[in-house]
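Scroll down for the structure; my scribbles are underneath it.
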Amino acid sequence: MSGTFNAKVYEVVKDIPEGMVATYGQVAELAGAPRNARFVGFALHRNPEPGIIPCHRVVFRDGSLAPGFAFGGPDEQRRLLEKEGVTFIAPPNQRKNQGQDGFVVDLARCQWRR
DNA sequence: TCACTGACTGTCA
DNA sequence: ATGACAGCCAGTG
């Protein structure tokens, strides 16, 4: 692993407190690459440090989670976040393919703030 | 070594 | 209002 942006992403994600979530764009920005939002997910996709990197705390700009790529299932992910204290809201359909679960993280309340 | 792909986001039509 | 397209950078094959 060429310790680089991707490594920075892991550091940022690990720094997300429980009960809080961060968007890919936000992580990307904290990692020093506001345009690399895509790559943030890519980095987490490899997930070189399973158990150390709470990928489930990283959500879309809309508050929805990664479709189909959840570590154990979108339903499990929602339950886990909810258990950590993350608030979920119902009306998602802001975009087209996002918020398909019908429940998204209430970024207004639980988005991680540095 | 080179080329392609990719958990996204923002803007345009 | 919704739908579709393009852009960005770095890792993986």
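Computed from a predicted structure; not experimentally measured. Lettering follows sequence order; numbering is per chain, from 1.
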Report the distance from atom CZ of A:F39 to atom C1' of B:dC4, rounded to the nearest whole Å.
-> 12 Å

Keeping the roles fixed (side chain from A:D62, backbone from A:S64), state whether a donor-acceptor pair exists under 3.5 Å.
-> no

With no hydrogens and no angle check, is any side-chain donor or acceptor of A:Y10 less than 3.5 Å from a backbone partner on A:I52?
-> no

Watson-Crick or G-U wobble partner of C:dA6, both distances under 3.5 Å = B:dT9

Roughly how many Å is it from CG in A:N6 to C1' in C:dC9, rounded to a whole number?
-> 12 Å

State the syn/anti category of B:dA7 according to its glycosidic angle, syn meaning within 90° of 0.
-> syn

Any donor-acceptor pair under 3.5 Å linking the side chain of A:R61 with the backbone of A:Y24?
-> no

Between atom CD1 in A:I16 and atom C1' in B:dA7, what is the gap in whole Å?
-> 13 Å

Starting from P on B:dG10, measure out to OH on A:Y24 and report it in whole angstrom.
-> 14 Å

Within the pair A:T4 and C:dG11, is there a side-chain N or O less than 4.0 Å away from OP1 or OP2?
-> yes

Donor-acceptor pair present, A:R38 side chain and C:dG7 base, under 3.5 Å | yes

Round to the nearest Å and state the distance from A:Q77 atom CD to B:dA7 atom P.
-> 15 Å

Give a yes or no answer on whether the side chain of A:E82 reaches the backbone of A:Q77 with a donor-acceptor pair at less than 3.5 Å.
-> no

In whole Å, what is the span from the CG atom of A:L30 to the C1' atom of B:dT9?
-> 16 Å

Closest of B:dA7, C:dA10, B:dT9 to the A:A37 side chain is B:dT9

Distance, rounded to the nearest Å, where A:F60 contributes CZ and B:dG10 contributes C1' | 14 Å

For atom NE2 of A:H45 and atom P of C:dA10, their distance in whole Å | 20 Å

